[in-house]
Asks: 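First, the structure itself, so that you have it in front of you.
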2 protein chains.
Amino acid sequence: MTTRGEMWQAEILRLLRQNHAPVKAYQVLATLRKIHGKLAPTTIYRALSALQERGRVHRVESLNAFIACQSRRDKQPSILSICNECGSVEESVAPDLLNDLSNVIGETGFSPKRHVVEVHGTCASCNSRKAQA
Amino acid sequence: MTTRGEMWQAEILRLLRQNHAPVKAYQVLATLRKIHGKLAPTTIYRALSALQERGRVHRVESLNAFIACQSRRDKQPSILSICNECGSVEESVAPDLLNDLSNVIGETGFSPKRHVVEVHGTCASCNSRKAQA
DNA sequence: AGAAGTAATGTTATATAGTAACTAAATCTG
DNA sequence: CAGATTTAGTTACTATATAACATTACTTCT
């Protein structure tokens, strides 16, 4: 059985997967409105939250935007590399590094629950493009 | 000589330093309005940007909020530990770790410019408070 | 099956966050 | 000091997100 909510999730996930760059909630909203007419932000945000919980979508905190998960090694917290030039986002998984991070901040007695690691810079292809110029 | 803009910066910095938890831009705005009357968001955002550039204030990306820098080892990118219970934020500096991070994501040819590392969890004092209960 | 309760979704309205574009004042330069 | 340039103020707006309530669909009990 497919609930209405699950349909929104599926459709949004498909949309996000078509983009290699993060997509804003209101872009999603506008796109879906073209297809389905009237539609409230709430619907989008609810679907996006569910997708995040299911580990299908990352919220890019430093952009207020969303991107489909690439590596699906089951909800491993990811490191996002965001290119300032072309907007593309690469996902890396580095458990050791996040472990170190947990240890460093754990020294003061802090217990980590959620890691937000986002790095802004220039991606490989934009780097080489600029090197040529 | 103190320009008008610098006065806003000083006043906002003072305000942020009084709080150990991050403060939202519109909280700053509301507070300053009580003192100075009419005041536009632009004023606040301009001052906050300047403070960030001067390395006096961090923007907490995952909260859309601002906090005064604690460690002033000159604009070292910081790691922020954010307590979900009490809202307090601790700042850590770990150059080695950020170096590792740069290396990991640099493997694909990505060159990092700005690091956003924010960890949500429970701080030491909230941990012990909960352990007692 | 039908009534009663619960959970999921839709709807309306509003709160919160941030910026663009222009005006006015201050400062700098010759 | 006139003209140019930078800095700050003002107005209006756009973007992001959530609260609160209404409605619909689902469940469970009889």
Side-chain angles (χ1 to χ4, degrees), chain A residues 1-13 15-16 19 21-54 56-67 82 84 87 89 114 116 118 120, chain B residues 1-13 15-16 19 21-54 56-67 82 84 87 89 114 116 118 120:
Chain A
M1 183 207 55
T2 313
T3 66
R4 286 163 293 174
E6 283 162 359
M7 291 185 58
W8 293 129
Q9 289 177 43
E11 188 159 357
I12 291 174
L13 187 53
L15 204 162
L16 291 183
N19 288 272
V23 183
K24 304 275 198 163
Y26 273 70
Q27 291 182 289
V28 174
L29 183 57
T31 307
L32 293 207
R33 269 179 177 161
K34 279 180 197 153
I35 307 169
H36 300 282
K38 192 176 168 188
L39 204 55
T42 316
T43 307
I44 305 300
Y45 282 105
R46 282 208 273 242
L48 286 170
S49 300
L51 285 167
Q52 281 174 86
E53 268 163 30
R54 290 172 51 208
R56 303 294 178 156
V57 158
H58 294 294
R59 186 191 153 84
V60 186
E61 298 288 350
S62 53
L63 297 176
N64 295 342
F66 300 85
I67 191 159
I82 302 150
N84 292 329
V89 174
R114 182 169 75 100
V116 176
E118 301 175 1
H120 294 253
Chain B
M1 182 210 55
T2 312
T3 66
R4 286 162 293 174
E6 282 162 359
M7 291 185 57
W8 293 129
Q9 289 178 43
E11 188 158 358
I12 291 174
L13 187 54
L15 203 161
L16 291 182
N19 288 271
V23 183
K24 305 273 198 164
Y26 274 66
Q27 291 183 289
V28 174
L29 182 58
T31 306
L32 293 206
R33 270 179 177 161
K34 278 179 197 154
I35 307 168
H36 300 282
K38 193 176 167 188
L39 203 56
T42 316
T43 308
I44 304 300
Y45 281 104
R46 282 209 274 243
L48 285 169
S49 299
L51 285 167
Q52 282 175 85
E53 268 164 31
R54 290 173 50 209
R56 302 295 179 157
V57 158
H58 294 294
R59 186 191 152 84
V60 186
E61 298 289 349
S62 53
L63 297 176
N64 295 341
F66 301 85
I67 190 159
I82 302 150
N84 292 330
V89 174
R114 182 170 75 100
V116 175
E118 300 175 2
H120 293 253

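Because the structure is a prediction, the values reported are computed rather than measured. A, B, ... follow the sequence lines: proteins, then strands. Residue 1 opens every chain. These values consider heavy atoms only, across backbone and side chains, with no hydrogens, waters or symmetry-generated copies.
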Asks: Expressed as a whole number of angstroms, how long is the span from B:Glu53:CD to D:dT7:P?
Replies: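 Computing the B:Glu53:CD to D:dT7:P distance gives 12 Å.
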
Asks: Do B:Arg46 and B:Gln9 get their side chains close enough for a donor-acceptor pair, meaning under 3.5 Å?
Replies: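 Checked: B:Arg46/B:Gln9 side chains show no N/O donor-acceptor pair below 3.5 Å.
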
Asks: Given side chains that start at C-beta, do those of B:Glu118 and A:Glu118 come closer than 4.5 Å, heavy atoms only?
Replies: no

Asks: In whole Å, I'd like the distance from the CH2 atom of B:Trp8 to the P atom of D:dA8.
Replies: 12 Å

Asks: With a 4.5 Å limit on heavy-atom distance, are the side chains of A:His58 and A:Gln52 in contact?
Replies: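 SC-SC contact between A:His58 and A:Gln52 ruled out.
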
Asks: Rounded to the nearest angstrom, tell me the gap between atom CG in A:Leu63 and atom P in D:dA15.
Replies: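 After rounding, the gap between these two atoms is 16 Å.
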
Asks: Mind calculating the distance between CG (A:Leu29) and P (D:dA17) to the nearest angstrom?
Replies: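 Computing the A:Leu29:CG to D:dA17:P distance gives 12 Å.
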
Asks: Between B:Thr43 and B:Trp8, is any pair of side-chain heavy atoms under 4.5 Å apart?
Replies: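 A side-chain contact exists here, since the closest heavy-atom pair is under 4.5 Å.
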
Asks: Rounded to the nearest 0.5 Å, how far does OH of B:Tyr45 lie from CG of B:Leu29?
Replies: 8.5 Å

Asks: Whole angstrom is fine here: how far is it from CD1 in A:Ile44 over to P in C:dT11?
Replies: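 Answer to the nearest Å: 13 Å.
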
Asks: Would B:Arg59 and B:Asn64 count as having a side-chain donor-acceptor pair, cut-off 3.5 Å?
Replies: yes

Asks: Tell me: CD of A:Glu6 to P of C:dA7, nearest whole Å?
Replies: 17 Å

Asks: What integer distance in Å separates B:Glu61:CD from C:dA17:P?
Replies: 14 Å

Asks: Kindly indicate whether the side chain of A:Leu15, heavy atoms from C-beta on, has any atom under 4.5 Å from the side chain of A:Thr31.
Replies: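 A side-chain contact under 4.5 Å exists here.
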
Asks: Specify the separation, in whole Å, of atom OH of B:Tyr45 and atom P of C:dT19.
Replies: 7 Å

Asks: Any side-chain N or O of B:Lys24 less than 4.0 Å from the OP1 or OP2 oxygen of C:dT16?
Replies: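 Checking B:Lys24 against C:dT16: no side-chain N or O falls below 4.0 Å of OP1 or OP2.
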
Asks: Taking only side-chain N and O atoms of B:Arg59, does any of them lie within less than 4.0 angstrom of OP1 or OP2 on C:dG18?
Replies: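 B:Arg59 to C:dG18 OP1/OP2: side-chain N or O found under 4.0 Å.
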
Asks: Could you list by number each residue of residues 32-42 of chain B showing a heavy-atom separation from DNA chain C of less than 4.0 Å, or answer none if no residue does?
Replies: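 B:Pro41, B:Thr42, in order of number.
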
Asks: Consider the side chain of A:Ala25, meaning its heavy atoms from C-beta on, and name the nucleotide among C:dG10, D:dA17, C:dG18 that approaches it most closely.
Replies: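 Output: D:dA17.
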
Asks: Answer yes or no: does a side-chain N or O of B:Tyr26 lie under 4.0 Å from OP1 or OP2 of C:dA17?
Replies: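 It does not, given that no N or O in the side chain of B:Tyr26 lies less than 4.0 Å from OP1 or OP2 of C:dA17.
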
Asks: Where the side chain of A:Arg46 is concerned, which of C:dG18, D:dT16, C:dT11 is the nearest nucleotide?
Replies: C:dT11

